[in-house]
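Step one of this worksheet: look at the structure below.
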Amino acid sequence: MRYWLMKSEPGEFSIDDLERRPNRTEPWDGVRNYQARNMIRDEMQPGDGVLFYHSNCALPGVVGIAEVVRGAYPDPTAFDPGHRHYDPKSRPDRPTWFMVDVRLVRKLARTITLAELRGRPELDGFPLLRRANRLSVMPVTEAQWRFILSLE
DNA sequence: GCCAACGTTGGC
DNA sequence: GCCAACGTTGGC
């Protein structure tokens, strides 16, 4: 089992939105970055842990714990010409983009902010803290996972 | 294959 | 709203 961090803009889809979904579960569609796609398609497995992160907002940080409940399958929004994430190079017989389903485990008692994660030696090399990191999905080591959650 | 232009991300 | 960084696109 592995650990991941997944970003979402709370104005688009927040931890509270996830909590309100049936089964507190949501298909993680719309990823259109190859590096993130490869992790989703090739590495994410049901049971993997997910840190749910709010980005591009007033208080960026980790706000909840989720888990992967369904492994990679084609992202149907890529096939829909009317959809904002439509991509004509992805076709049902040869999909380019994939997604997993993610279920909320629990919200954190408070936001563990990006600001407080910065500068921690325990998180040296963590992709989130690298300059201008734009990956919306990234791996988290078990030690990083434990450390981040210990701050709660 | 190069690389400039452009669009997007995301912290601040 | 600003802007740095980065990925993608497309002309050549």
Side-chain angles (χ1 to χ4, degrees), chain A residues 2-21 26-44 48-68 72-141 143-152:
Chain A
R2 299 184 181 185
Y3 299 97
W4 308 94
L5 180 144
M6 299 174 90
K7 294 179 185 173
S8 188
E9 301 189 16
E12 297 284 328
F13 188 81
S14 71
I15 191 83
D16 293 321
D17 294 324
L18 181 59
E19 186 175 41
R20 284 190 290 264
R21 288 292 195 257
E26 178 73 0
W28 205 269
D29 61 23
V31 172
R32 296 292 180 269
N33 169 283
Y34 286 101
Q35 214 181 328
R37 187 281 308 268
N38 292 346
M39 289 186 271
I40 288 172
R41 187 191 57 188
D42 304 334
E43 298 183 53
M44 294 184 92
D48 286 0
V50 174
L51 296 174
F52 194 108
Y53 178 90
H54 278 170
S55 68
N56 202 12
C57 58
L59 196 63
V62 177
V63 293
I65 300 171
E67 65 176 333
V68 176
Y73 59 107
D75 180 346
T77 65
F79 306 141
D80 175 2
H83 199 281
R84 176 169 151 244
H85 296 307
Y86 174 59
D87 183 350
K89 70 177 169 296
S90 188
R91 305 192 343 229
D93 57 317
R94 206 189 46 204
T96 302
W97 304 115
F98 291 79
M99 62 185 187
V100 292
D101 288 357
V102 164
R103 176 167 62 207
L104 179 67
V105 174
R106 67 176 179 89
K107 293 203 271 187
L108 298 189
R110 65 180 193 89
T111 299
I112 300 171
T113 66
L114 175 62
E116 69 190 289
L117 297 179
R118 285 199 192 284
R120 297 281 194 163
E122 295 90 341
L123 297 178
D124 205 41
F126 189 43
L128 182 74
L129 305 179
R130 284 207 290 263
R131 190 163 176 70
N133 152 71
R134 292 169 54 187
L135 264 188
S136 63
V137 178
M138 69 188 72
V140 179
T141 67
Q144 290 163 346
W145 172 277
R146 275 207 286 259
F147 174 72
I148 291 168
L149 292 177
S150 78
L151 299 174
E152 182 182 10

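Please read all numbers here as calculations on a predicted model, not as lab measurements. Hydrogens, waters and symmetry mates play no part in the numbers below; they use all other heavy atoms, side chains included. A note on names: the letters A, B, ... follow the listed sequences, proteins ahead of strands, and every chain is numbered from 1.
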**Q.** Short side-chain donor-acceptor distance under 3.5 Å, Thr77(A) and Asp80(A)
**A.** no
Q) Will you find, in the side chains of Ser136(A) and Arg32(A), an N or O donor that is under 3.5 Å from an N or O acceptor? A) no
Distance-only criterion, 3.5 Å: show the donor-acceptor pairs between side-chain atoms of residues 117-131 of chain A and protein atoms not counting sequence neighbours.
| residue | atom | partner | partner atom | Å |
| --- | --- | --- | --- | --- |
| Arg120(A) | NE | Glu116(A) | O | 3.2 |
| Arg130(A) | NH1 | Gly125(A) | O | 3.4 |

Q: Write down the distance between CZ (Arg84(A)) and P (dG7(B)), rounded to a whole number of angstrom.
A: 17 Å
Q. Considering residues, nucleotides and ligands other than Glu43(A), do more than 12 of their heavy atoms fall under 6.0 Å from its CD?
A. yes
(Q) Applying side-chain hydrogen bond (donor to acceptor under 3.5 Å, both in side chains), can you list everything that pairs with Arg134(A), at least two apart in sequence or on another chain? (A) none
Are there any protein N/O atoms within less than 3.5 Å of an N/O atom in nucleotides 9-11 of chain B, and if so, which ones and at what distance?
| residue | atom | partner | partner atom | Å |
| --- | --- | --- | --- | --- |
| dG10(B) | OP1 | Lys7(A) | NZ | 2.7 |
| dG10(B) | OP1 | Arg134(A) | O | 3.3 |
| dG11(B) | OP1 | Tyr53(A) | OH | 2.8 |
| dG11(B) | OP2 | Asn56(A) | N | 2.8 |

Anything under 3.5 Å between a protein N or O and an N or O of nucleotides 3-6 of chain B, put it in a table, one pair a line.
none

Q: Sequence neighbours left out, what passes ring-ring contact (aromatic ring centres under 6.0 Å, His included) with Phe147(A)? Give chain and number order.
A: none
**Q.** Whole-Å distance separating the CZ atom of Arg131(A) from the P atom of dC12(B)
**A.** 10 Å
Q) Quick one: ring-ring contact (aromatic ring centres under 6.0 Å, His included) partners of Trp97(A), sequence neighbours excluded? A) Tyr34(A)
**Q.** Spacing of Ile15(A) atom CD1 and Phe52(A) atom CZ [to the nearest 0.5 Å]
**A.** 4.5 Å
